Number of protein chains: 2
Amino acid sequence: MAKGVLPNPSATRARILDTATSLFYERGVHAVGVNEIAATAGASKLSLYRYFPAKTDLVRAMLSEHSDRIHAWLDRNTASATGPDRVLAVFDLLTQWFAQPGYHGCAIVNGVTDTRADPEVAAIARAHLHRYHTLLEDRLSGLGIEDPRALSRQLLLLIEGASVVVTIEGTTDAGADARAAAAALLASSAKAAGTCEIVRESARHEATRQVAPHLPTQPPSPAGPR
Amino acid sequence: MAKGVLPNPSATRARILDTATSLFYERGVHAVGVNEIAATAGASKLSLYRYFPAKTDLVRAMLSEHSDRIHAWLDRNTASATGPDRVLAVFDLLTQWFAQPGYHGCAIVNGVTDTRADPEVAAIARAHLHRYHTLLEDRLSGLGIEDPRALSRQLLLLIEGASVVVTIEGTTDAGADARAAAAALLASSAKAAGTCEIVRESARHEATRQVAPHLPTQPPSPAGPR
DNA sequence: ACCCGACAGTACCGATCGGTACTGTGACAG
DNA sequence: CTGTCACAGTACCGATCGGTACTGTCGGGT
């Protein structure tokens, strides 16, 4: 298997995949041809088809990599917060992402719409949502939430809804709306005993806040965080 | 203008538009050719291009008509409820719609994704969301809500989010989740004085309900209510 | 020196795309 | 009977699609 030293064994592959990701996100899978991808990437179609036997494989690789990148970015940049901020930091980060110039929807949701019948793409998208649940449930733990699973499902609706609404409305208002709704749900979902009062009060206070106080990282690129 | 008696002046147009709506929704705008639309509709391309000078016009007409149909259906079937049910009935109806076999996302959101650059399609989609706000704000009036506009924006996120999540997950759970979240937001958004306690208590009770008690209408077709 | 794999470039394939043009036909009006 | 109209059917256009095949070239390993 080892071929000695490969100077840039798959730099070409990465270049092609990056180009495809960008073009697919910008104009849609069906509106971009493999010729254009290869030409824009400065690669030959032979190279493209060596690494991606079919156009679909390019789409799958793009969505899979995108999902990895988004969740690594989300996880990395919301791990340090404490209390209700642990959850709301996720919404701050997403709001920041949605405000990126050139943002027009979650690449994974768009990809599912573009390739309606592909079960593998559908599986990637399902796994993507599942990762959101995992993240949210983790961030909800220890907050005295009655039913973290149910709440995380509701928060996911806010995330996906905000992504869609931001894209259609062309403004970023929906990001802040989602954060406010998340704070309200968080407050009303905290148990009525123990530390919950602190959480509830804190969340209630958070709900009135306008914008994220700090910008923890460089916002993700249109296609996702780098 | 009047041409005497037209036996079926635009029955052909309607047949073409219906066929296009169905095919576009099923497989996406780019995956369906005008040849197939004409053939499936039992029409000639000449007829198709007489009523729709370009494929884009077909898409625009489809989305515009779809938006009209959906909102007429939503308005008609949620007008009679009273109290917090006025709002939650919207979610019941939507949940019912999402559970339709063959449902895979809002046709308008899908259409925006399919035709990313078309500003006219984008305008139709914005108007579609605006209609949701109008509906929700009306249904929220008289419930003692502090900020109906802000709450209606949050509820819209739940609606669009549920549509996306239902489509990706392949189950209808997200519809019920959206309803539960809406009830929670409704409860926590009711003012602390006046009739609000009734609303709040009622909403709290509603939040524990499992499914819609009554199916007021025939559910909409995959592409929307008939 | 030799070879070999990775590569860009290009020509090409059949199929299909959106859109146009031209038939033939059947229904109705005069 | 003879217009005229809407219509279905079909042939056709240039362009582009996804995918294949074949060049020539460069660089590094032996």
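Naming convention: chains lettered A, B, ... in sequence-line order (proteins, then strands); numbering from 1 in each chain. What you are looking at is a predicted structure, and each value in this text was computed from that prediction instead of being measured.
- Proximity of residues 39-50 of chain A to DNA chain D (heavy atom under 4.0 angstrom from any strand atom) is restricted to A:K45, A:L46, A:Y49.
- Atom CZ of A:R13 and atom P of C:dC7 are 12 Å apart (whole Å).
- Note on A:R15: a side-chain N or O is less than 4.0 Å away from OP1 or OP2 of C:dA8.
- The existence of a salt bridge linking B:D57 and B:R60 is confirmed by a sub-4.0 Å separation between a basic side-chain nitrogen and an acidic carboxylate oxygen.
- The aromatic rings of A:H66 and A:H128 are tilted relative to each other, their planes meeting at an angle between 30° and 60°.
- Residues from residues 113-121 of chain A with heavy atoms under 4.0 angstrom of DNA chain D: there are none.
- For B:T19, there are no side-chain hydrogen bond (donor to acceptor under 3.5 Å, both in side chains) partners at least two apart in sequence or on another chain.
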Enumerate all atom pairs, one protein N or O and one N or O from nucleotides 15-17 of chain D, separated by less than 3.5 Å.
none

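- The two residues B:Y49 and B:A54 come nearest to each other via the heavy atoms CE2-CA, 4.1 Å.
- Taking B:R149 as the reference, nothing meets the salt bridge (Lys or Arg N to Asp or Glu O under 4.0 Å) condition, with sequence neighbours excluded.
- For the pair A:L23 CG and D:dG18 P, the computed distance is 12 Å after rounding to whole Å.
- A:I37 has its CD1 atom 11 Å from the P atom of D:dG19, to the nearest Å.
- A salt bridge does not link A:D85 to A:R139: none of the charged nitrogens lies less than 4.0 Å from a carboxylate oxygen.
- Side chain to side chain, B:S152 and B:Y132 fail the donor-acceptor criterion of an N or O pair below 3.5 Å.
- Note on B:A38: nothing from the nucleic acid sits closer than 4.0 angstrom, heavy atoms only.
- Using the six-membered ring where Trp is involved, B:W73 and B:W97 have ring planes that are perpendicular, over 60° apart on the 30 and 60° scheme.
- The pair A:D114-B:R116 meets the salt-bridge criterion, since a charged nitrogen lies less than 4.0 angstrom from a carboxylate oxygen.
- Residue B:E36 is tested with B:R27, B:K45, B:K55 for a salt bridge (charged side-chain N to carboxylate O under 4.0 Å, His left out); the sole match is B:R27.
- Residues forming a side-chain hydrogen bond (donor to acceptor under 3.5 Å, both in side chains) with A:T172 (at least two apart in sequence, or on another chain): none.
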